[in-house]
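Residue indices begin at 1 and follow the sequence shown.
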Amino acid sequence: MKKILLFLFLFLFLSVNAQALKGGVSEDYIPKGFFGSWGVISKLSSSNNPDIFNYESRDVWMLSGYENTLVLENLETGARSEIVVKDKSVDGKTLKFQREKIVNEDGKKVVYKETVSFVLYGNNFSGTDDFVVKRYNSENQFVKKDSAKYTIVGVRISGTNPKFCSSKE
């Protein structure tokens, strides 16, 4: 009987440094398949003022992120953006976000707004980028709106490819 009591005593008091299990639910705002580096081509498909927008661009992007924040880095120019994604991906392959930047140019406000939607197809993605530039005078009165719509295509250079279910698995 003494051995049993000694064993229980030692078991209860010597193992008090155990860690509690923690659990939770993760909601994916950014499909993991977008993470990695991408060769991206953007082409102007329509605009009300094509003279102020680039007709075509070719870039290398590095996409990463955490929680609901997308980190987009342009490896060629060194540009970096952290974008809060507000729309959760329902299908695990769609990424939608908006970003807005307000600058002061010669005492006049200029608002740059972008609305982006991409769909992932394995090692490729495609989508659109709607870009709007609103200009205001020095009294903060609206003067002019220029807009452009881009068609965007991306090809994976490196990074992890999401596993897709197949009938062989």
Do [X] and [Y] share a hydrophobic cluster, counting only Ile, Leu, Val, Met, Phe, Trp and Tyr and linking them when any side-chain heavy atoms are less than 4.5 Å apart?
| X | Y | value |
| --- | --- | --- |
| Ile30 | Ile152 | yes |
| Phe53 | Val116 | yes |
| Ile52 | Tyr55 | yes |
| Val71 | Trp38 | no |
| Val103 | Phe131 | yes |

Any side-chain heavy-atom pair of [X] and [Y] under 4.5 Å:
| X | Y | result |
| --- | --- | --- |
| Leu95 | Leu120 | no |
| Arg58 | Glu76 | no |
| Leu63 | Leu70 | yes |
| Asp129 | Ser42 | no |
| Lys93 | Pro31 | no |

(Q) Tell me whether the rings of Trp61 and Phe125 are parallel (<30°), tilted (30 to 60°) or perpendicular (>60°). (A) parallel

Donor-acceptor pair, distance only, cut-off 3.5 Å: does the side chain of [X] make one with the backbone of [Y]?
| X | Y | result |
| --- | --- | --- |
| Asp91 | Val119 | no |
| Asp146 | Val133 | no |
| Asn74 | Gly78 | no |
| Ser117 | Gly127 | no |
| Ser47 | Ser147 | yes |

**Q.** Worked verdict on Val111 versus Tyr136 for side-chain contact (heavy atoms from CB on, under 4.5 Å)
**A.** CA-CA 8 Å; Val111 178; Tyr136 297 82; 3.9 Å; yes

Identify the two heavy atoms, one from [X] and one from [Y], that lie closest to each other, and give their separation to 0.1 Å.
| X | Y | result |
| --- | --- | --- |
| Ser126 | Tyr121 | OG-CE1, 3.5 Å |
| Gln98 | Ile83 | O-CG2, 3.9 Å |
| Gly36 | Met62 | O-SD, 3.3 Å |

To the nearest 0.5 angstrom, please state how far the [atom1] atom of [X] sits from the [atom2] atom of [Y].
| X | Y | atom1 | atom2 | result |
| --- | --- | --- | --- | --- |
| Arg135 | Lys144 | CZ | NZ | 7.0 Å |
| Phe35 | Tyr66 | CZ | OH | 11.0 Å |
| Lys43 | Glu56 | NZ | CD | 5.0 Å |
| Lys149 | Thr115 | NZ | OG1 | 10.0 Å |
| Thr77 | Asp59 | OG1 | CG | 7.0 Å |
| Tyr112 | Ile102 | OH | CD1 | 11.5 Å |

Q | Exercise: do Ser37 and Ser158 side chains pair donor with acceptor under 3.5 Å | A | yes

(Q) Can you list everything that forms a salt bridge (charged side-chain N to carboxylate O under 4.0 Å, His left out) with Glu82? Sequence neighbours excluded, please. (A) Arg80

Q: Begin with the C-alpha distance, continue with both residues' side-chain angles, and end with the deciding distance and a verdict on side-chain contact (heavy atoms from CB on, under 4.5 Å) for Val84 and Tyr29.
A: CA-CA 9 Å; Val84 175; Tyr29 282 75; over 6 Å; no

(Q) Using the rule given for side-chain contact (heavy atoms from CB on, under 4.5 Å), can you reason through Val143 versus Lys108, listing the C-alpha separation, both sets of side-chain angles and the distance that settles it, and then say yes or no? (A) CA-CA 10 Å; Val143 175; Lys108 300 172 186 173; over 6 Å; no

Q: Give a yes or no on whether Lys96 atom NZ has more than 12 heavy-atom contacts from other residues, nucleotides or ligands under 6.0 Å away.
A: no

